[in-house]
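In what follows, a structure is listed as C-alpha cells, so that the remarks can point back to it.
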Amino acid sequence: MCASAAEFISVLSFWGPLKADPKSYGEVVLQRLFETKPDSQKLFTKFADLPKEQLQNNPDLQAHGGIVLCKLTEFLQGGGRDKKTLKDLAESHAKQHKIPRVYFQIISDVIFEVVVEKIEGFGTDAQTALKNVLKTFQTQMGEFYDELGFDD
Ligand code: CUP
C-alpha cells in the first residue's frame, strides 16, 4: 500500500531526533543490518572484509548510515514526491554498489525495528504509517531499478 499524506506527516512528527543525528542512528541501522543479515555486509566493498570490532566507530559506516537516514528524511519532507533524490540513490545502488532489490526490504525492516525501539512516541498508528512510508520508498526505488533494467 502507498503511504498517504497524513502518514508522512505522522512519521515526520516523531522524526526530529533522527533528523538531528542521522549519523548515529544510521550507524546503528547498518550495524544491526550486518548482524542480522551478514551477507549484506558483503555488498559494499568498503565493509565487506571488516571484522565486527572494526564496525564500531567506523567513519565509513557512519557516513553511509548518515546518507541512508538523510535520504529518508528528504523523502519524508518531500511527501514522497521528490523523485530526483530517489533516482540518484537508485542509480548509485544499482550501478555502483549493485545491490539486489531484496535488500531494500531487509534494510526497511531493520530501519523500522531500530526507529520504533529508539524513538519515543511511535504508537501503533505511527508504526503503521512508518511501515507504509518505508514501503513507498522501497517501491519507488524498485521503479527506478525497473527503468535501469537492474535486478529484475
Ligand atoms: O540510501 C541508501 O544508501 C539505501 C537506503 C534504502 C534503500 C531502500 C529502502 C530503504 C533504504 N541503502 Cu545504502 C540501502 C542498503 C545499504 O546501504 C546496505 C545494504 C542494503 C541496502
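Every heavy atom of this structure was used, including side-chain atoms; hydrogens, water molecules and symmetry mates were not. For ligands, and for the atoms within them, numbers begin at 1 and follow the listed sequence.
A distance-only check finds a donor-acceptor pair linking the side chain of T139 to the backbone of K135 [under 3.5 Å]. Looking at E7, its side chain does come within 3.5 Å of a backbone N or O of S4 through a donor-acceptor pair. Of the possible polar contacts, one joining the Q127 side chain to the F122 backbone as a donor-acceptor pair under 3.5 Å is found.
Residue-level proximity to ligand 1 for I107 is carried by the side chain, the only part with a heavy atom below 4.0 angstrom. At a heavy-atom distance under 4.0 Å, only side-chain atoms of L33, from C-beta outward, approach ligand 1.
Counting all heavy atoms, side chain and backbone alike, K23 lies closest to Q62 at CG-O, 3.6 Å. In terms of heavy atoms, T36 sits closest to V110 at OG1-CG2, 4.2 Å.
Contacts of Y145 classified as side chain to side chain donor-acceptor pair (under 3.5 Å), with partners at least two apart in sequence or in another chain: none.
For F144 and F150, the ring centers sit 6.0 Å or farther from each other.
An N or O contact shorter than 3.5 Å is missing between S108 and ligand 1 by distance. Of the N or O atoms in S40, none lie within a sub-3.5 Å distance of an N or O in ligand 1.
In terms of protein heavy-atom proximity, atom 5 (C) of ligand 1 is nearest to V68 CG1, 3.8 Å. Nearest non-hydrogen protein atom to atom 17 (O) of ligand 1 is H64 NE2, 2.8 Å. Nearest non-hydrogen protein atom to atom 3 (O) of ligand 1 is H93 NE2, 2.8 Å. Scanning all protein heavy atoms for the shortest distance to atom 18 (C) of ligand 1 gives F44 CE1, 3.1 Å.
Among the backbone and side-chain atoms of H97, none of the N, O or S atoms lies under 2.8 Å from atom 13 (Cu) of ligand 1.
Considering F34, F137, F104, F47 only, the shortest heavy-atom separation from atom 11 (C) of ligand 1 involves F137.
Shown here is D39, whose CG atom has more than 12 heavy atoms of other residues, nucleotides or ligands within 6.0 Å.
Proximity to Y103 (heavy-atom distance under 4.0 Å) selects the following atoms of ligand 1: 20 (C). Within ligand 1, counting atoms from 1 as listed, the ones closer than 4.0 Å to a heavy atom of L89 are 1 (O).
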